[in-house]
A.B. asks: 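The structure is given below, and queries will be raised subsequently.
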Amino acid sequence: MTDSRPPMPRNSGDAWVETPDGRRFWGSFGAAGLLAFDPARGVLMQHRVGWSHFGGTWGLPGGALHEGEAPVAGALREAQEEAGVPDGAVVPRAEHVLDLDVWRYTTVIADVADPFEPVISDPESLELAWVPVDEVGRLELHPGFKAAWPQLRAALDVRPILLVDAANVVGSVPDGWWKDRAGATGRLRGRLESLAGTGVDSNELGLDLYWWRPIIAMVVEGAARSVENGTGSVAVFRAERSGDDEIVTRADAMVRSGLRVTAVTSDRELCGRLEQIGAEVRGARWLRDQLPTGADAGVWDTTAEVGAWGVTGVMAMLSAFLQ
């Protein structure tokens, strides 16, 4: 049974924002929604209750952000409140932003890491359903989601990965790395773990949308092969012989599997080999510019940053793609 009345405000963000042309949007601090994608079942869709904005249409679980709340955290919180999305069930991949100056809506694309069944857990839904991707456009969609769907749909086919030549990146900074190669490589892995959490501006990857959280992998060689795996949010490949050959072999398999590979190295010969197999290449300095600095340079705290987002084992994810 659903309540026929709209909910009373629950936080300071629960209010309407009006644009100069008279349009009204929900959320004093903006809003966010979760596009949970399961390749086997499709997209988690919400049939909106009649009293809601554009009631009766289909859209995504989502709602108003709290003051100071990150859009990714808000999208998950709303999805948990409205659809019972379990802790750690999804992993964020990309963000699409509608920016109207006075109001912003962020759609968080997230991959289902642990399949679940949605549960109507508040009065804002008539129905929750997994809808195959090719059938989403046949529904009566919320106008905002309908306008964004073509770009969101295209993004579902894009899976970026950063493949890092660890030896080259570590060696690009004369900080005494030669005294402890494994230690220096471990510090790089830690900063890459932070980057896995914070993500990369889409322009830096030559992609559409606003922000991406690519899969990140690094190839280590020689004495650095003893580096630990860390949190598991960065895949570590250990070269038995040539590090360059290992990078090319890994990149080739990834490209063939459909991943969009951005390899990171400043080695000119290796750059040529990687470009020849279809990988994009960025230099070590480019990566250093992307890495979080200062207080953000430590290992990313999933719980503190985005509430209950889980970080799945990247090696398992890659194994699934490369089968």
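Atoms considered below: every heavy atom in the structure, side chains included; atoms not considered: hydrogens, waters and symmetry mates.
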A.B. asks: Taking NZ, NE, NH1 and NH2 as the nitrogens, is one of them in R181 or E221 under 4.0 Å from a carboxylate oxygen of the other?
C.D. replies: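 Salt bridge absent between R181 and E221.
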A.B. asks: Assigning hydrophobic clusters by single linkage (Ile, Leu, Val, Met, Phe, Trp, Tyr; side-chain heavy-atom cutoff under 4.5 Å), is F237 placed with V255?
C.D. replies: yes
A.B. asks: Determine whether V158 and L207 satisfy the following criterion, side chain to side chain contact (heavy atoms under 4.5 Å, CB included), listing intermediate values before the conclusion.
C.D. replies: CA-CA 9 Å; V158 180; L207 297 174; 3.9 Å; yes
A.B. asks: Within a strict 4.5 Å, meaning less than it, do heavy atoms of the R238 and V227 side chains meet?
C.D. replies: yes
A.B. asks: Flag the pair L126 / W58 as yes when at least one side-chain heavy-atom distance between them is below 4.5 Å, and no otherwise.
C.D. replies: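 Of all side-chain heavy-atom pairs linking W58 with L126, none is under 4.5 Å.
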A.B. asks: Quick check: do L205 and T262 have side-chain heavy atoms less than 4.5 Å from each other?
C.D. replies: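 Side chain of L205 against side chain of T262, heavy atoms only: contact under 4.5 Å found.
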A.B. asks: When you look at R153 and D157, which way does the salt bridge (Lys or Arg N to Asp or Glu O under 4.0 Å) test go after all the steps?
C.D. replies: CA-CA 8 Å; R153 169 66 183 87; D157 294 329; 3.1 Å; yes
A.B. asks: Is there a donor-acceptor contact under 3.5 Å from the side chain of S242 to the main chain of D245?
C.D. replies: yes
A.B. asks: Looking at D252 and R256, is there a salt bridge between them, counting it only when a charged N and a carboxylate O are closer than 4.0 Å?
C.D. replies: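 Yes, this pair counts.
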A.B. asks: Should V220 and L162 be regarded as members of a common hydrophobic cluster, given that ILVMFWY residues are connected when their side-chain heavy atoms come within less than 4.5 Å of each other, either directly or indirectly?
C.D. replies: yes
A.B. asks: Check this for me: Y210, atom OH, are more than 12 non-hydrogen atoms of other residues, nucleotides or ligands nearer than 6.0 Å?
C.D. replies: no
A.B. asks: Evaluate the ring planes of F116 and W130, with Trp represented by its six-membered ring, and classify them as parallel (under 30°), tilted (30 to 60°) or perpendicular (over 60°).
C.D. replies: perpendicular
A.B. asks: Are the charged groups of R189 and E228 less than 4.0 angstrom apart, N to O?
C.D. replies: no
A.B. asks: So, do R77 and E69 sit near enough that their side-chain heavy atoms are less than 4.5 Å apart?
C.D. replies: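 Yes - at least one pair of side-chain heavy atoms lies under 4.5 Å apart.
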A.B. asks: Determine whether W212 and E95 make a side-chain contact, defined as any pair of heavy atoms from C-beta on separated by less than 4.5 Å.
C.D. replies: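 A side-chain contact under 4.5 Å is absent here.
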A.B. asks: Could you tell me whether the side chain of N168 and the main chain of T265 form a donor-acceptor pair under 3.5 Å?
C.D. replies: no
A.B. asks: Check ring-ring contact (aromatic ring centres under 6.0 Å, His included) between W177 and all other residues, then give those that pass, not counting sequence neighbours.
C.D. replies: none
A.B. asks: Are V72 and L98 in one and the same hydrophobic cluster, where Ile, Leu, Val, Met, Phe, Trp and Tyr link if side-chain heavy atoms are under 4.5 Å apart?
C.D. replies: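 No.
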A.B. asks: Please answer: with hydrophobic residues joined when any side-chain heavy atoms are less than 4.5 Å apart, are Y105 and F29 in the same cluster?
C.D. replies: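 They do not share one cluster, since no chain of ILVMFWY contacts under 4.5 Å joins Y105 to F29.
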A.B. asks: Verify whether one side chain among D87 and Q80 offers a donor that lies under 3.5 Å from an acceptor in the other.
C.D. replies: yes
A.B. asks: What about V90 and L44, same hydrophobic cluster or not, with Ile/Leu/Val/Met/Phe/Trp/Tyr joined at side-chain heavy-atom distances under 4.5 Å?
C.D. replies: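 In one cluster with V90: L44, yes.
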A.B. asks: Would you check if F25 and E18 make a side-chain contact, meaning some heavy-atom pair closer than 4.5 Å?
C.D. replies: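 The answer is no; the side chains never approach within 4.5 Å.
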A.B. asks: Mind checking what makes salt bridge (charged side-chain N to carboxylate O under 4.0 Å, His left out) contact with D101, not counting sequence neighbours?
C.D. replies: none
A.B. asks: Do you know the tightest heavy-atom contact between A75 and L34?
C.D. replies: O-CB, 4.0 Å
A.B. asks: Do D267 and R273 sit within salt-bridge range, that is, some charged N less than 4.0 Å from a carboxylate O?
C.D. replies: no
A.B. asks: Is there a donor-acceptor pair closer than 3.5 Å between any side-chain N or O of D180 and the backbone N or O of G183?
C.D. replies: yes
A.B. asks: With distance as the sole test, does R282 use its side chain to make a donor-acceptor pair with the main-chain N or O of L287 at under 3.5 Å?
C.D. replies: no
A.B. asks: Are the side chains of L141 and V136 in touch, meaning some heavy atoms are under 4.5 Å apart?
C.D. replies: yes
A.B. asks: Please confirm whether the backbone N or O of G197 pairs with a side-chain atom of R213, one donor and one acceptor, at under 3.5 Å?
C.D. replies: yes
A.B. asks: Checking H66 now: which residues fulfil ring-ring contact (aromatic ring centres under 6.0 Å, His included) with it, not counting sequence neighbours?
C.D. replies: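 ring-ring contact (aromatic ring centres under 6.0 Å, His included) check on H66 returns nothing, list empty.
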A.B. asks: Distance alone, cut at 3.5 Å: any donor-acceptor contact between the side chains of T57 and E140?
C.D. replies: no
